[in-house]
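I have placed the structure first, in the form of structure tokens, so that the comments after it can refer back to it.
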Amino acid sequence: MIGLALRRTVRGLATLVGVAAVVFLLMNAAPGDPASLSLGRQAGRGAASPGAVAAFRAEYGLDRPLPARFAAWLRRAALLDFGRSLQDGRPVRERIGETLPATVALNVSGLALGLLIALPVGIVAARRRGGLFDRASGLALDLLFASPPFVIGLALLLLFAVRFRLFPVLGGVDEGPAGFVLPVLALALGAAAPAARVVRSILVEAFGSSAAAAGRARGDDAAAEVARAMHRSGAQLAALVATLLPVTVAGSVLVERLFSVRGTGALLAEAVFSRDTPTVLGLTLLAAGVVVAGSIVSDLAAAALDPRLAGGARTVTGPEAAR
Amino acid sequence: MRHLPSGLRRALLAAGVFPLLALAAPFVATSRPWVPGAPGRAALTAPVPYDPDAVVLEGRLSPPGRAHWLGTDELGRDVLARVIHGSRVSVGAGLLAALIAVTAGIGVGALAGFTGGLTDRAALFSIDVVQAVPPLVLVAAGAAFFPASGLTAPLLIGLTGWTASARLVRAEARRVGTEDFVESVRAAGASRWRILARHVLPHASGSAVAGAPYVLADAVMTEASLSFLGVGVPPPTASWGRAIADARGSFSEGWWCAAAPAVALLLFLLSARALGEALSSLESPENR
Amino acid sequence: MSPRLAGRLVAALVASALLGCGRHAEKGSGTIVRRLEGEPKTLNALLATGDPDLTVLALVSRNLLDYDSSLTLVPGLAESVLPDASHRSFTVTLAPDAMWEDGARVTADDVVFTLETLVDPKTPAVNRRGLFEGFEKAEKLDDRTARVTFRTASSTRLDAFSLPLLPAARYRGTAIGSNPLNRAPLSNGPYRLARWTAGSSLELERNPRASGPRGAADRFVFRVVPESAVAFEALRTGAVDEARLTQPQYAEVDREKGDVRAVLWNDLSYTYIGWNNRLPLFESAAVRRALTQLIDREGISRALYGGLARPANGPLPPGLWPYDPALEPIAFDPAAAAAALDEAGFRRGTGGVRQKGAARFAFALSLGGGSDVLRQIAETVQQAFRVAGIEMTLRPMEWAAFSSAVDDGSFEACFLAMSLDPNPDLFPNWHSSQSPPNGWNSVFYRNARVDALIEQLRGTFDRQEARPLYAEIQRLIRDDEPVTFLHCVPVKWGLNRRIQGAATSPIGLSLFWPGAASWRTVRSKSPV
């Protein structure tokens, strides 16, 4: 077990370096010059002088060859120093620190609420497979699943903030908890649709297993049966949560934009579009770190529950859960 | 088709409508008559006698009615004609993405699972990396690299969507590779590639194919989101996602501009999902 | 996650729970809530470029000279800025009561330091540098007076003194890009920064040490609302007091007659399609004129701008003093255009597309950003061209890539809005020496007579003398039509009716004096 943990950690760290390298390359290969973008420009109207651009490049080390820059970045990143943003010269850690709380608050509550909706719906639907509730909830979830996230968000906003004025139109810290209700709901609905599907299919399988049949033969009541099924499917359910985790730090650009919450999603979008590589790398590493940690934990959990899996295969919940 | 389970047959029929619609679009919605009029004979027009890109500023935002069944958009173009032609982009994007993802997933997964060793580790590593790169970075890089086109979304989704199926296929390939019949074929002197192609692939790719409809749905949705961020297919091409995104500025003036493509998107995604369910129930252990 | 980060997280959650609904009560009658499209990047007045930065700074940082609502330069931090007879040397006399927020006087040292910083090639002062081309030196004469000397005279020189100052004492010896004051500016205007909640809002309160008239409103709260449709709903529900409107939003406000009133003004901008004059397709003025003749600008304005936009007639918009209203824009005339294209050798070939020899009349129009109306216009133009046998594909680009393409001149055709200074210098955009990579003449326009006139204008200080020269330039450029001038589009803004005293100017609601400093609130007529 410890060997597995060690192996997975080494592999996780290698993955992080790989991710950073890929993102670093992508950001630097994309057209658009970070110096003149950061110094400000208006197409056809003016941009920074060559001197200012050169000074900027020297200040941020953009004049050095790519491998050297990446190596330097890697050395500092190992000490959790992600450098300074090319946008405003402030430390990347500080900028992430400002935006992360809102995103984590939004997405953790969104995820929690999503699971709170998904679990009972999935359980009941799986219990009465093919019944009225299964079909009705299936239809509702399908509708949610097939609605683009911005449509769900906009509908919530127009309905509850504009039409009924129950919640503020503008979300975020300024409006207090009320400002978080609608974006959390939008995220929860987005997460609930795939999650309920997965819960249902996991449990349908668990209820159909011979162990469940044996339990019924022993005279388990419904609650005990559900509890046992949940217990048996623990690893798969954990994997489901793990696949939903990355958004909790990467943020959801569209929801943040619609509800005027500036979180890491907005920061990432802004950084990507202004070619602010240090900020993008910092956020990427954070998000990838959560993914990697999540997958290590779920692998270990799976291995603990089922020693046969320690060989390396990972529990997979189907591509839909990754959305 | 008769030997297919009924659920799968229905799902295939429902999902099959959309590619057909996409193929038929230039004949169904066009201003060019099927049979040109002649003296004493009226022209036989197409069912939707409008070109999807024909701008008529004077006739903008007219509500659904006799002339335009689903109304006109903010530039006076027929919404129905645009929805029909939009299926080419949206459905095409979905199919292309699914194709890329499944092919790459099966290829990488089978190779890794069957060969093992260094290849396997390299494949696992690249799967890990691809899965951990934030989608937004890929989307933005894609938007910056590729000229805006309907290909961007399918390429991005295809190039990232293969990881899930690759994992599944890899696990299957490992399992198949150790089974007795493969051992016996190997003992009989078959080459590695032959074993891979003849015995491993057919057994291992089922799960990847079952996942394809989800990749497809994902691609259609991503195409819509790309349009929302302003980097989807270039205008005037009317993908459904773009049509919805473009109409968000004038919901109150012309709800129908957004409603029609939204319903089309919904139906397509639902049929793709039904197909996925049907395929995976075929794959699930009880039916195997 | 570092402990500090975790601490912040908890603090933010607790704070949001505690503050709760308290914030709303704080938004009293004297508080005006304004919308920003994005978070300001910097509040360093010299480095600021974006709209959010400038909108906030307009209330915090005054200029030596300010424009008033009619674009006349009026005293600000400076009592006067006077040129000598050569127009090369200017004497800046500071107002006696000009003071920084910390109680220090605004002195000639600040003027000298600011100018020397500005012209330092390492300072990325994008917005201001152009006006100080040819700067020679700045000297302190006494505490309140400084002399600024240029190597050459130019008619747009005085406008350069619409210039904010940095406090020399706080900036000297620091890296200008990363000085902490960039996020906590030292005010010398009517308001000062009270609070900046990163990523969410920014609050200004009255500056007790402000010179001149005090601000009318008690407080300003700036909310960051990136999405226009959301800002509009926020405006209608009273969550913000002002927001820019799109055409459909404007029409709705106009119809509704609710708590929001719409204001309209002509700004100093126009939209245009730039033709890359270097390419064989666009090298002939006759062809470029024909392209303009194919576009029904009146019809587009009626359909997409509610008839409010006017066809642009040349390189100057109507709000500028040298604009020539008598100059007719090129008229919509597809038949004449077809004839001209035939004449130029572009005849209809296979598939209906015009060709000249082997060259098909086909090109791509690059678009940047995501403006709905510009996209719709592009689609309309595309259709008009298609009918006329010209194949134009649309190439929407991400902004970063688009602006690189424009500045390098590496596009076939591009769709842009041009926004001019109150006293514009046509040199960087239209002089032939300013083609990429030297300047911003990104369409590679070249006309010797226009070059000569632009140079002559730089030495013409009397506006009456300058007018006929400007008129000739406008006519020449319209005849050459190096770009297709499309529309001058009025800016549409929504203001809550409780806001009084808002004046407009061609440079907007905020960027002139007193701008938003004169806004005040009255009790809302209908209870919200």
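Residue numbering restarts at 1 for every chain, and letters A, B, ... go by the order of the sequence lines. Being a predicted model, the structure only gives us computed values, none of them experimental.
With a 4.5 Å cut-off on non-hydrogen atoms, C:Arg302 does not touch chain B at all. Heavy atoms of C:Gln376 lying under 4.5 Å from chain B belong to its backbone as well as its side chain.
Electrostatic pairing of B:Glu74 and B:Arg60 does not count as a salt bridge here, judged by no charged N lying under 4.0 Å from a carboxylate O. Here B:Asp73 pairs with B:Arg82 in a salt bridge; the nearest charged N to carboxylate O distance falls below 4.0 Å.
For C:Tyr270 and C:His487, the ring centers are positioned 6.0 Å apart or more. A ring-centre distance under 6.0 Å is not found for C:Tyr272 and C:Phe415.
Contact residues of residues 47-59 of chain B toward chain C are B:Asp53, B:Ala54, B:Val55, B:Leu57 (heavy-atom distance under 4.5 Å).
Residues meeting the ring pair (Phe, Tyr, Trp, His ring centres under 6.0 Å) test with C:Phe361, sequence neighbours left out: C:Phe346.
For C:Ser419 and C:Ser269, the side-chain atoms include no donor-acceptor pair closer than 3.5 Å. Residues B:Thr45 and B:Trp34 bring no donor and acceptor atom of their side chains to less than 3.5 Å of each other.
Ranked by heavy-atom pairs under 4.5 Å with chain B, the first of C:Ala364, C:Ala303, C:Ala378 is C:Ala303.
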